[in-house]
S.K.: 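If you scroll down you'll find the structure; I have some questions about it.
Values reported hereafter were calculated over all heavy atoms of this structure, with side chains retained and with hydrogens, waters and symmetry mates removed. What you see is a predicted model, and the numbers here were worked out from it, not measured in a lab. Chain identifiers are assigned alphabetically (A, B, ...) following the order of the sequence lines, protein sequences preceding nucleic acid strands; residue numbering begins at 1 within each chain.
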There are 2 protein chains.
Amino acid sequence: MTTGPKFSPVQPVRAYERIVEQVEDALASGDLVPGQRLPSERELVAQFAVSRSTVREALRVLESNGVVRSRPGDPNGPEILPFSQSALRKQMVRLARVDELTLSELIGFRMIMDGAAIQVASRLRTPEELDELEETLVAMRAAIDVDFDAFSQADLAFHELIARISRNSLIQTCNEVVRGVVLSLISDKISHAPNSRALMLESLHHHADVVDAIRTGNGHAAARLARQNMYDYYGGYVPDSEQETLRALVED
Amino acid sequence: MTTGPKFSPVQPVRAYERIVEQVEDALASGDLVPGQRLPSERELVAQFAVSRSTVREALRVLESNGVVRSRPGDPNGPEILPFSQSALRKQMVRLARVDELTLSELIGFRMIMDGAAIQVASRLRTPEELDELEETLVAMRAAIDVDFDAFSQADLAFHELIARISRNSLIQTCNEVVRGVVLSLISDKISHAPNSRALMLESLHHHADVVDAIRTGNGHAAARLARQNMYDYYGGYVPDSEQETLRALVED
DNA sequence: CTCCGGTTACTGGTCCGACCAGTGGACTAG
DNA sequence: CTAGTCCACTGGTCGGACCAGTAACCGGAG
């Protein structure tokens with residue numbers, strides 16, 4: 001048996017894929033910028049020298065990926081969208097729906113990301129950012145008296161701020177996406193819980209403890225508190241068979 | 001100002017979107033199962049009572065989302081694909097490409113994920129899995145004598161095993177994706193380094209230390225070692241201005 | 001009988017031309 | 001200068017056509 005040059009399986013490349021590729025490359029290289037407009041479909045037909053069907057299939061794929069948006073009648077043509085995690089979230093929700101992702105995996109992931117973000121943030125935070133954190137606590141307290149949605153939004157603001165302070169946008173994005181997925185799975189259970197208000201208050205106090213730890217610069221303790229907080233808050237919704245992976249995250 | 005019923009912005013629903021929806025619902029409800037085949041495009045035209053263009057646009061979206069695959073000439077029609085995280089990975093790669101992630105963000109993310117995975121794994125691992133880990137170490141040692149690519153692949157196997165032992169496929173996917181992006185950015189620098197072999201040997205020893213820590217069940221120490229290892233391995237490629245965020249991860 | 005090769009019905013990929021309901025800018029009447 | 005109309009153009013959908021490819025079917029060679 002001779003080992004010749006490495007041949008790899010080849011599958012047909014469809015015309016619309018080439019178009020998608022070109023657009024995405026232009027976007028990655030900065031030639032195309034969110035807010036800009038693509039030429040109209042009929043103009044693209046001319047530029048790519050393909051039929052409108054082909055152009056449209058490419059646009060559908062791009063649209064499904066959250067890259068562009070077409071609106072009928074808009075003389076400006078399809079719009080290049082700013083990147084959003086909606087596409088990422090969509091895929092994650094899909095995976096979660098078919099049980100490819102369990103709740104414990106999602107929550108465990110959040111515990112990890114949030115804990116790490118807090119650990120980094122407690123070292124990098126400026127005094128001003130510490131003040132901002134205190135403000136979000138006040139906002140959370142006020143939101144408790146409104147409803148669960150308001151509290152959830154204030155909580156989101158807190159975690160977004162943490163992620164921002166950690167200077168890592170990857171953490172920020174992942175956290176946001178996973179948080180959305182988790183909430184879509186169990187938010188109704190939480191908001192309908194009879195002790196919903198008590199849960200919110202407890203969560204608030206835990207957040208305050210985290211901020212205290214951040215203030216003293218004890219990143220490790222802060223992270224530990226954060227993970228414990230999340231475990232207390234969400235852990236009850238995880239089946240017993242999956243509890244083990246989460247507990248491994250709250251102990252040192 | 002009166003606050004009437006909550007109206008939400010409404011955008012036109014396109015026919016192909018309804019088709020995508022129907023197929024995805026059938027898939028979520030179990031009416032459609034991976035491996036099954038969709039009717040041919042012309043048959044779908046009849047069933048959905050739309051034109052072939054519309055059916056095709058729906059199929060393109062489904063295909064782009066990793067739900068189905070069409071092959072020209074296949075009399076069985078489009079195939080329902082098994083769920084995979086490839087679609088999720090695709091979106092993450094897109095995120096990494098578009099969002100101009102810095103190297104320190106990517107590496108920091110990896111340090112977090114890998115460290116957490118190891119911490120969880122050190123608690124959940126079975127004796128058999130510990131043996132598997134030892135085997136990957138042997139494979140890494142052997143790969144050093146081949147070339148950098150072989151070592152990189154053995155290293156990948158190690159981290160994939162860790163992620164698997166951590167029982168969290170989200171960690172697995174994220175790690176894989178980010179690792180790929182990082183490598184694509186700096187792998188040539190590493191492989192062309194004059195002391196490439198020394199780097200590989202050092203990395204191997206660090207991995208062995210991690211496995212030792214896992215064996216004793218000291219998850220915290222294992223995670224710390226892993227982060228330190230990654231910092232030593234990749235940290236040199238991060239500009240000084242971004243070093244701070246990484247150092248916050250290797251200290252306790 | 002089995003096995004092989006060609007025929008053929010059907011597949012998806014692409015193209016073309018057409019129609020429609022909308023949009024938004026230009027243009028006009030006030 | 002404003003308010004209303006108009007119209008060129010947009011994207012969404014349709015139907016029909018052609019092509020290269022696939023795989024099952026079928027018939028003849030062994």
S.K.: Which whole-number value in Å describes the distance from A:E41 CD to C:dG22 C1'?
M.R.: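 Checked: the CD to C1' distance equals 14 Å.
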S.K.: Does the side chain of A:Y16 pick up a donor-acceptor pair with the side chain of A:R56 at under 3.5 Å?
M.R.: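 The answer is no; no qualifying pair exists.
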S.K.: Can you name the residues that form a side-chain contact (heavy atoms from CB on, under 4.5 Å) with B:A26, not counting sequence neighbours?
M.R.: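 Partners of B:A26 by the side-chain contact (heavy atoms from CB on, under 4.5 Å) criterion, ordered by chain and then number, come out as B:D31, B:L32.
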S.K.: Among residues at least two apart in sequence or on other chains, which ones pass side chain to side chain donor-acceptor pair (under 3.5 Å) with A:Y233?
M.R.: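 Here no residue qualifies.
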S.K.: Considering residues at least two apart in sequence or located in another chain, which fulfil the side chain to side chain donor-acceptor pair (under 3.5 Å) criterion with B:E132?
M.R.: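 Per chain and number, B:E132 pairs via side chain to side chain donor-acceptor pair (under 3.5 Å) with B:R164.
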S.K.: My understanding is that only residues two or more places apart in sequence, or in another chain, count here; which of them pass side chain to side chain donor-acceptor pair (under 3.5 Å) with A:S40?
M.R.: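 Testing A:S40 for side chain to side chain donor-acceptor pair (under 3.5 Å), a comparison that skips the adjacent residues, returns none.
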S.K.: At a heavy-atom distance below 4.0 Å, what parts of residues 14-22 of chain B sit against DNA chain C?
M.R.: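 Nucleic-acid contacts, sorted: none.
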S.K.: I need the CZ-P distance between A:R37 and D:dC9, as an integer number of Å.
M.R.: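 It works out to 18 Å between those atoms.
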S.K.: Assess whether a salt bridge exists between B:R52 and A:E57, defined as any Lys/Arg side-chain N lying under 4.0 Å from an Asp/Glu carboxylate O.
M.R.: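 The answer is no: the pair does not qualify as a salt bridge.
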S.K.: Excluding sequence neighbours, so at least two apart, what forms side-chain contact (heavy atoms from CB on, under 4.5 Å) with A:A163?
M.R.: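 By the side-chain contact (heavy atoms from CB on, under 4.5 Å) rule, A:A163 matches A:Q172.
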S.K.: Kindly state each residue pair satisfying salt bridge (Lys or Arg N to Asp or Glu O under 4.0 Å) with at least one member in residues 173-183 of chain B, sequence neighbours excluded.
M.R.: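 Listed by first then second residue: B:R89-B:E176, B:D155-B:R179.
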S.K.: Quick one: side-chain contact (heavy atoms from CB on, under 4.5 Å) partners of A:D131, sequence neighbours excluded?
M.R.: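 Once residues adjacent in sequence are excluded, A:D131 has no partner under the side-chain contact (heavy atoms from CB on, under 4.5 Å) criterion.
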S.K.: Does B:R71 put a side-chain nitrogen or oxygen below 4.0 Å from OP1 or OP2 of D:dA23?
M.R.: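 True: B:R71 side-chain N/O within range (under 4.0 Å) of D:dA23 OP1/OP2.
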S.K.: Rounded to the nearest angstrom, tell me the gap between atom CZ in B:R69 and atom P in D:dT22.
M.R.: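 Going from CZ in B:R69 over to P in D:dT22 covers 13 Å.
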S.K.: Does anything in residues 48-64 of chain A reach DNA chain D, meaning a heavy atom under 4.0 Å, and if so which residues?
M.R.: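 Within this stretch, A:R52, A:R56, A:R60 sit under 4.0 Å of the strand.
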S.K.: A:V13 or A:N76: which one's nearest nucleotide on DNA chain C is closer to the 5' end?
M.R.: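 Taking each residue's closest nucleotide, the earlier one in sequence belongs to A:V13.
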S.K.: Keeping to residues at least two apart or across chains, list the ring-ring contact (aromatic ring centres under 6.0 Å, His included) pairs with something in residues 155-176 of chain B.
M.R.: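 Qualifying pairs, neighbours excluded: B:F158-B:H207, B:H159-B:H207.
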S.K.: For B:R18, check salt bridge (charged side-chain N to carboxylate O under 4.0 Å, His left out) against everything at least two apart and list the hits.
M.R.: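 Per chain and number, B:R18 pairs via salt bridge (charged side-chain N to carboxylate O under 4.0 Å, His left out) with no residue.
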S.K.: A:L44 has an atom CG; how far is it from atom P of D:dC9, in whole Å?
M.R.: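 Atom CG in A:L44 sits about 16 Å away from atom P in D:dC9.
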S.K.: For B:P12, which contact category applies under a 4.0 Å heavy-atom criterion: base, sugar-phosphate, or nothing?
M.R.: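 Touches nothing.
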S.K.: What protein N or O atoms touch nucleotides 19-21 of chain D N or O atoms at under 3.5 angstrom, if any, and at what distances?
M.R.:
none

